[in-house]
Amino acid sequence: MLEISFVRNEAAQVVSRLKIKNFDASMLVEQIIAVDVRRRNIQKSLDETLAQSNQLAREIGTLYKQGKQSEADLLKTRTSELKNLSKSLQDDMDACSLEQEKLLVLLPNLPHEGVPAGKSSTDNEVMLSEGKIPQLSENALPHWELAKKYDLIDFECGSKISGAGFPVYKGKGARLQRALIAFFLDEAVAAGYTEYQPPLLVNEASAYATGQLPDKDGQMYHATVDNLYLIPTAEVPITNIFRDMILRSDELPAKCTAYSACFRREAGSYGKDVRGLNRLHQFDKVEIVQVVQPHNSYIVLEEMAMHVTGLIRKLELPFRMLKLCGGDMSFASALTYDMEVYSAAQERWLEVSSVSNFATFQSNRMKLRVRTPDGKLTLAHTLNGSALALPRIVAALLENHQEKDGIRIPKALQPYTGFDFIG
RNA sequence: GGAGAGAUGGCCGAGUGGUCGAAGGCGCACGCCUGGAAAGUGUGUAUACCUCACAAGGGUAUCGAGGGUUCGAAUCCCUCUCUCUCCGCCA
């Protein structure tokens, strides 16, 4: 959520910068400012009215103490009018604030200056492209066939137990999952992140703070009896650790990492994109999150992106790094890098990580602030990224490293799997 | 799930209707003291919004959240949330 003071003072800038995201904000900004003017006028009258009744109450108190009953009673007659007035003003004020908030959350985050214009994923900028795309033999298999052949993943069994999109990992397949999680966590800890184990179900306030609510309501599983949401990413509980906090500047950067299962309804997805591990309702992911001071958040974004590319490199997978164009960026992001690995048998790029700087967009919603050394309060910047999402990594690992009679495990992973070959 | 106790500022902790945004202590910041430090000592130390130059000054709100009683509530009443203790259940 953008700050109201910013929208008020920089309305033109808000509108022009959101054009990069193909978002026409002119009407919305106009409405917001109109409500803001109304709100401030109401507050002015409300404050005046309350000041009067406070003053009156003080006088009445003094008169009682002096034993001047009748004079006090006389003053009392004046209070009911003020009370009615302040009550109705308060109602107006509440309605106005609510409306303003409702409108304000409809505004996407402003894209960073470096974000290229564009409509869709085809307009993303390739920043980096690395690794050799393997030349597979004629009878190379896609990962879902490999998973079956080597008895690593049972999709049908998962369907029986839960439904499509809930695979059952088995034997070396299950061990590979555990190995990847441990590997990613160890790498993050080595890079200075503190490991967390967050709750997998969160309340409404948390889902709202990171922006899943209200806009992505239908994408989360909702346990309605207890009004809890299954997390779509560990970003939600981890970032919410810092909700309603004022941090000292020496407590930053706060670097957190967490493994979690992630749950996504993926409403509306279908077709070959969802085949095998490409898109699931439940999957595993290690997330990295940073809370930083505003001045260096973009440097930190680069650093986080490098951490992610380092992981992919160690897994010996061909990848590319994209800077997302305005049209392909998420609502809350100011700048996003996507990492894609090449899945050789499917002959397509798969997104395995998305690293974003949200600047103050999340911190404003969740009132996350830093006190700078000179005593001033300012909103912190939040960033996060997948490091990494497992399923597509597994897909690429199986497909790219397949050989005639099995699958080779990259060296970096071998200490974690305990085997170097799946055959 | 049943019974009880509680929730006050960064922390501890006073405060049962009146000028309380809140005593006192700790912590923190700055100053004095000191050769330097400790001790001592003085001052300051919540947040949001409005007014306004994001200054000073002023106003309003906030003592878990929401509602109510009252001229006036941290203090009384109601609802909810959370924490703790005991019992039950349980990986």
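The figures here come from the full heavy-atom set of this structure, side chains too, leaving out hydrogens, waters and symmetry mates. Labels below follow one simple rule: chain letters A, B, ... track the order of the sequence lines, proteins then strands, and each chain is numbered from 1.
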Student: Expressed in whole Å, how much space separates the C1' atoms belonging to B:G10 and B:C63?
Tutor: 16 Å

Student: Do the two ring centres, one from A:Phe263 and one from A:His281, sit under 6.0 Å apart?
Tutor: no

Student: Using only heavy-atom distances, determine whether the side chains of A:Gln219 and A:Arg264 contain a donor-acceptor pair under 3.5 Å.
Tutor: no

Student: Taking the same atom, C1', in B:U34 and in B:U41, what whole-Å distance lies between them?
Tutor: 13 Å

Student: Do A:Thr336 and A:Ser333 have a side chain donor and acceptor closer than 3.5 Å?
Tutor: yes

Student: Would you measure the distance from the P atom in B:G58 across to the matching atom in B:C20 and give it in whole Å?
Tutor: 16 Å

Student: Choosing from B:A46, B:C50, B:A48, which nucleotide comes nearest the side chain of A:Arg40?
Tutor: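 The listed nucleotide nearest to A:Arg40's side chain is B:C50.
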
Student: So, OP1 or OP2 of B:C50: does either fall under 4.0 Å of a side-chain N or O from A:Arg8?
Tutor: yes

Student: For A:Ile60 and B:U70, what is the distance between atoms CD1 and C1' respectively, to the nearest whole Å?
Tutor: 11 Å

Student: Assign a letter to each nucleotide of nucleotides 52-62 of chain B from its 5' end: B, base within under 4.0 Å of a protein heavy atom; S, sugar-phosphate only; -, no contact.
Tutor: -------BSS-

Student: Take A:Thr79 and A:Ala57, find for each the nucleotide of RNA chain B with the closest heavy atom, and name the residue whose nucleotide sits nearer the 5' end.
Tutor: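 Between the two, 5'-proximity favours A:Ala57.
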
Student: Go through the side-chain N and O atoms of A:Thr257 and A:Glu195 and say whether any donor and acceptor fall under 3.5 Å apart.
Tutor: no

Student: Count the heavy atoms belonging to other residues, nucleotides or ligands that lie under 6.0 Å from CD of A:Gln13, then report whether that count exceeds 12.
Tutor: yes

Student: A:Leu368 CG to B:U47 P: how many Å, rounded?
Tutor: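 Distance, rounded to whole Å: 15 Å.
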
Student: Are A:Asp151 and A:Lys170 close enough, and set up right, to give a salt bridge (Lys or Arg N to Asp or Glu O under 4.0 Å), and what steps lead you there?
Tutor: CA-CA 7 Å; A:Asp151 202 16; A:Lys170 186 180 167 191; 3.0 Å; yes

Student: Rounded to the nearest angstrom, tell me the gap between atom NZ in A:Lys83 and atom P in B:G67.
Tutor: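 Whole-Å distance recorded here is 14 Å.
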
Student: Roughly how far apart, to the nearest Å, are B:A61 and B:G21 at atom P?
Tutor: 9 Å

Student: For B:A22 and B:U62, measure between their P atoms and round to the nearest Å.
Tutor: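 Rounded to whole Å, the distance is 14 Å.
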
Student: Taking only side-chain nitrogens and oxygens of A:Arg39, does any of them come within less than 4.0 Å of OP1 or OP2 of B:C50?
Tutor: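 It does, given that an N or O in the side chain of A:Arg39 lies less than 4.0 Å from OP1 or OP2 of B:C50.
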
Student: Reading RNA chain B 5' to 3', what string of ( ), [ ], | and . shows its pairs, if Watson-Crick and G-U wobble pairs count only when both distances fall under 3.5 Å?
Tutor: ((((((((.[[[..)..(.....]]]((((((.......))))))((((((.....)))))).[[[[[..)....]]]]])))))))....

Student: When rounded to the nearest Å, what value does the distance between P atoms of B:U75 and B:U8 take?
Tutor: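 The answer is 13 Å between these two P atoms.
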
Student: Is there a side-chain polar atom (N or O) of A:Arg369 under 4.0 Å from OP1 or OP2 of B:A48?
Tutor: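 The answer is yes; a side-chain N or O of A:Arg369 sits under 4.0 Å from OP1 or OP2.
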
Student: Between C1' on B:G9 and CE on A:Met245, what's the gap in Å once rounded to a whole number?
Tutor: 16 Å

Student: To the nearest Å, how far apart are A:Asp91 CG and B:G67 P?
Tutor: 10 Å

Student: Please measure how far the C1' atom in B:A48 lies from the corresponding atom in B:C54, and state the result in whole Å.
Tutor: 14 Å

Student: How long is the line joining CG of A:Asn203 and P of B:C80, in whole Å?
Tutor: 19 Å

Student: What is the nucleic acid contact for A:Leu82, judged by heavy atoms within less than 4.0 Å: base, sugar-phosphate only, or nothing?
Tutor: nothing

Student: Say we look at B:C84 and B:A74: how far apart would their P atoms be, to the nearest angstrom?
Tutor: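 Going atom to atom, P in each nucleotide, I get 28 Å.
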
Student: Quick one: do the A:Asn278 and A:Gln346 side chains pair a donor with an acceptor below 3.5 Å?
Tutor: yes

Student: Under 4.0 Å between a Lys/Arg side-chain N and an Asp/Glu carboxylate O for A:Glu316 and A:Arg408?
Tutor: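 Looking at A:Glu316 and A:Arg408, the cut-off is met.
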
Student: Rounded to the Å, how far apart are A:Glu3 CD and B:A48 P?
Tutor: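 Atom-to-atom, A:Glu3 to B:A48, this comes out as 11 Å.
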
Student: Tell me the interatomic distance from A:Leu56, atom CG, to B:U19, atom C1', rounded to whole angstroms.
Tutor: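 Spelled out: CG on A:Leu56 to C1' on B:U19 is 14 Å.
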
Student: Any donor-acceptor pair under 3.5 Å linking the side-chain atoms of A:Asn203 with those of A:Ser206?
Tutor: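 Judged by distance alone, the side chains do pair up.
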
Student: Using a strict 4.0 Å threshold on nitrogen-to-oxygen distance, state whether A:Arg40 and A:Asp36 make a salt bridge.
Tutor: yes

Student: I'd like to know if the side chain of A:Gln414 pairs up with that of A:Asp420 as donor and acceptor (distance under 3.5 Å, no hydrogens or angles considered).
Tutor: no

